[in-house]
J.: 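Next up is a structure, given as structure tokens.
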Amino acid sequence: MTSLKRTTLFQALHRTYSDSTVLAIALAGTALFILTLLTLKGQIEQHLQLVARTIAYSAEAAVLFEDRGTASEILVQIAEREQLRAASITTLDGRTLASHGFEGSGLSGHVDEAVGRLLFPDPIGAEIRSGNRRIGKVAVHGNGARFIVYTLQASIVGLVCITLFFYAARRLARRMAQRITNQLQVLAAATHGARLKQDFSRRVPPFDIVEFDQLGKDFNALFAELHARNLELTARQYSLEVANQTLSQLALRDGLTGLANRRGFIERLEQALAEAKASGSKVGVLYLDNDRFKRINDEYGHAAGDALLVEVADRIRGCIRDTDLVARLGGDEFTVLLDSVRDVEDAILVAEKILAAMVPPLPVGDTMIVPGVSIGIALFPEHGRTADQLLIAADQAMYTTKQNGRGHYRIFDPAIHRLPTSGD
Ligand SMILES: Nc1nc2c(ncn2[C@@H]2O[C@H](COP(=O)(O)OP(=O)(O)OP(=O)(O)O)[C@@H](O)[C@H]2O)c(=O)[nH]1
């Protein structure tokens, strides 16, 4: 697998800008340099033309009278002043009246001469006239010295300009790349933060680059949507939790009396037993059954029976501590959980309190009834170690109370009662 060479956006942009700047400067510089050389050559040729004409004008009389001395003097004077490679004055019939050859000395002299030969291989001429009559001609050969000097000057100026331009372009490119990456970094940070923290309340600021600004607006709209959905989900989750709690409360409650039901009672009893096992304390369980309840139903109706059950539930609740629990197991059966009792005496006290609470009669139909109850008592750990064993023990004790005349309490007695073993 080929490994992907990674680079930051800033590096990529900066490199691209720098490369294209160098290329543009190199191309423009080269074109400008060539143009400068051509212009320079043209200018020097025009100057040579002017020099040839000046010689022709100055030497007119000397040529007319074929005065070689004066012609030569004029030629040498101008040729040396103008640093010509060579110059000559000839008559119309081709005789040379004067000639001059510039001999360069040293390396620079030879270079000047070689460049002159290369750039101006042909002589530049001018006619010598006397009135309207042609009487001779001048030929001059250009030297490279002037061209080299001008070229060097143009190159130095060009190089300085190019360097300045390059640094300015580099700075601009850097600033541009920085601007783009900064805006992209803000977008990236917002997206990253939103993903990591699931926080869609963040918003990105407006950007001056249109495309990024549009992207930022889209991000903000998306974040706002996700934020609203998140809030909606949280609200839904909350109401589901509340509904779940209510349902589980209902599942553990008795609909008629509002007391805990069998499931709620067993759950709480198991909790109390676990704590008691850990702390070495005792737990009491009271099993209550209304006496002759069927008769009340039969004589006064089911609604009257229900009202009596609710009243009995209230009276039992009034007899226990907040830390204890009353439950309706079903029908006319109730249980009481006594948390952290010291001994059986504590349970007996509660049972007696409940029996006393039943004494006041309550109106049922057109008569007054005393809601009698029979109670069985069992204690952890003496009469059972599990919730089931304790309930059975208390139930058996309650059953014995019923058999012995009702309206009393009885404590589980292992000598009389028998707890089921795991095989029963
Ligand atoms: N009103 C009413 N009656 C109920 C409800 N659940 C059960 N019962 C009745 O309660 C009566 C329970 O009677 P039992 O406990 O069997 O007998 P009892 O008449 O109380 O006699 P002993 O328990 O022996 O004193 C039955 O008639 C059931 O139909 C209820 O929710 N409301």
Side-chain angles (χ1 to χ4, degrees), residues 1-47 107-108 111-112 114-116 118-119 144-227:
M1 208 173 78
T2 51
S3 65
L4 196 64
K5 194 169 173 255
R6 290 179 184 280
T7 176
T8 64
L9 178 67
F10 177 78
Q11 287 168 338
L13 283 175
H14 192 240
R15 195 173 307 147
T16 310
Y17 285 142
S18 296
D19 288 355
S20 45
T21 307
V22 168
L23 194 69
I25 289 174
L27 284 175
T30 309
L32 213 66
F33 188 66
I34 291 170
L35 204 70
T36 307
L37 292 188
L38 291 175
T39 311
L40 203 58
K41 184 171 178 278
Q43 293 281 329
I44 292 175
E45 277 170 354
Q46 274 182 12
H47 181 73
L107 181 66
S108 71
V111 172
D112 290 348
V115 173
L118 191 75
L119 288 174
R146 197 182 289 263
F147 183 83
I148 289 170
V149 170
Y150 287 158
T151 305
L152 278 175
Q153 284 173 350
S155 301
I156 289 167
V157 172
L159 269 178
V160 169
C161 287
I162 280 174
T163 311
L164 288 176
F165 182 64
F166 176 73
Y167 277 107
R170 227 176 113 89
R171 240 181 122 78
L172 281 177
R174 201 183 172 78
R175 209 177 293 167
M176 188 63 200
Q178 195 74 62
R179 203 170 126 209
I180 291 173
T181 43
N182 280 353
Q183 303 195 3
L184 210 57
Q185 267 166 0
V186 174
L187 283 169
T191 322
H192 196 63
R195 188 177 69 82
L196 280 189
K197 297 181 191 156
Q198 290 292 300
D199 174 17
F200 301 111
S201 59
R202 294 177 67 157
R203 295 290 174 270
V204 291
F207 300 118
D208 57 354
I209 296 177
V210 177
E211 285 80 358
F212 286 140
D213 193 51
Q214 189 53 49
L215 200 60
K217 280 179 185 153
D218 286 344
F219 264 118
N220 284 346
L222 204 64
F223 284 170
E225 219 170 282
L226 287 172
H227 187 56

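Here the structure is a predicted model, which is why all the values come from computation and not from measurement.
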J.: Closest heavy-atom contact between Leu37 and Thr151?
T.: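 Closest heavy-atom pair between Leu37 and Thr151: CD2-CG2, 3.5 Å.
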J.: Counting only heavy atoms not in Phe165 (residues, nucleotides, ligands), do more than 12 fall under 6.0 Å from its CZ?
T.: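 12 or below, so no.
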J.: Tell me every residue that passes salt bridge (charged side-chain N to carboxylate O under 4.0 Å, His left out) with Asp213, counting only those two or more places apart in sequence or in another chain.
T.: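 Applying salt bridge (charged side-chain N to carboxylate O under 4.0 Å, His left out) to Asp213 gives Lys217.
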J.: Supply the atom-to-atom distance Leu9 CG to Gln178 CD, rounded to the nearest 0.5 angstrom.
T.: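 Answer for the CG-CD pair, Leu9 versus Gln178, is 10.5 Å.
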J.: Taking all atoms of both residues into account, what is the closest heavy-atom pair of Thr7 and Ala12, and its distance?
T.: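 Heavy atoms of Thr7 and Ala12 come nearest at OG1-N, 4.0 Å.
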J.: What are the two closest heavy atoms between Phe166 and Ile25, and how far apart are they?
T.: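 So the minimum-distance heavy-atom pair works out to CA-CD1, 3.5 Å.
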J.: Taking C-beta and beyond as the side chain, do Arg203 and Phe219 meet within less than 4.5 Å on heavy atoms?
T.: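 The answer is no, as the side chains (C-beta and beyond) never meet within the 4.5 Å cut-off.
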J.: Any side-chain heavy atom of Arg179 sitting closer than 4.5 Å to one from Ile209?
T.: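 When only atoms from C-beta onward are counted, Ile209 and Arg179 do touch, with a gap below 4.5 Å.
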J.: A side-chain contact here means heavy atoms from C-beta on lying under 4.5 Å apart; do Thr181 and Thr8 qualify?
T.: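 Result no, sub-4.5 Å side-chain heavy-atom pair not found.
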J.: Identify the heavy atoms of Ala190 and Val204 that sit nearest to each other, and give their distance.
T.: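 Reported closest heavy-atom pair: CB-CG1, 3.4 Å.
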J.: Which residue pairs pass the side-chain hydrogen bond (donor to acceptor under 3.5 Å, both in side chains) test with at least one member in residues 13-36, sequence neighbours excluded?
T.: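 Pairs touching residues 13-36 that pass the test: none.
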J.: Tell me whether Asp199 contacts the main-chain N or O of Gly193 through its side chain, where contact means a donor paired with an acceptor under 3.5 Å.
T.: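 Checking the backbone N and O of Gly193 against the side chain of Asp199, no donor-acceptor pair under 3.5 Å is found.
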J.: Show the nearest heavy-atom pair for residues Ile162 and Gly29, with the distance to one decimal.
T.: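 Here Ile162 and Gly29 meet closest at CD1-CA, 4.0 Å.
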J.: So do the side chains of Leu222 and Asp218 get within less than 4.5 Å of each other, counting heavy atoms only?
T.: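 Leu222 vs Asp218: side chains apart.
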J.: Go through it in stages, so that I can follow the logic: the residues are Gln183 and Asp208, the test is side chain to side chain contact (heavy atoms under 4.5 Å, CB included), and I'd like the CA-CA distance, side-chain angles, deciding distance and then a yes or no.
T.: CA-CA 9 Å; Gln183 303 195 3; Asp208 57 354; 2.4 Å; yes
J.: Nearest 0.5 Å, what's the CD1-OG1 distance between Ile34 and Thr39?
T.: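 Answer rounded to 0.5 Å: 11.5 Å.
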J.: Could you grab the distance from atom OH of Tyr167 to atom CG of Leu172, nearest 0.5 Å is fine?
T.: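 The CG atom of Leu172 is 15.0 Å from OH of Tyr167, to the nearest 0.5 Å.
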J.: Would you compute the distance between atom CG of Leu40 and atom CG of Leu35 and round it to the nearest 0.5 angstrom?
T.: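 CG of Leu35 is found 11.0 Å from CG of Leu40.
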J.: Kindly indicate whether the side chain of Phe207, heavy atoms from C-beta on, has any atom under 4.5 Å from the side chain of Leu187.
T.: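 Yes, side chains in contact.
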J.: side-chain contact (heavy atoms from CB on, under 4.5 Å) with Phe200: which residues, sequence neighbours excluded?
T.: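 Partners of Phe200 by the side-chain contact (heavy atoms from CB on, under 4.5 Å) criterion, ordered by chain and then number, come out as Ala194, Gln198, Phe223, Leu226, His227, Asn230.
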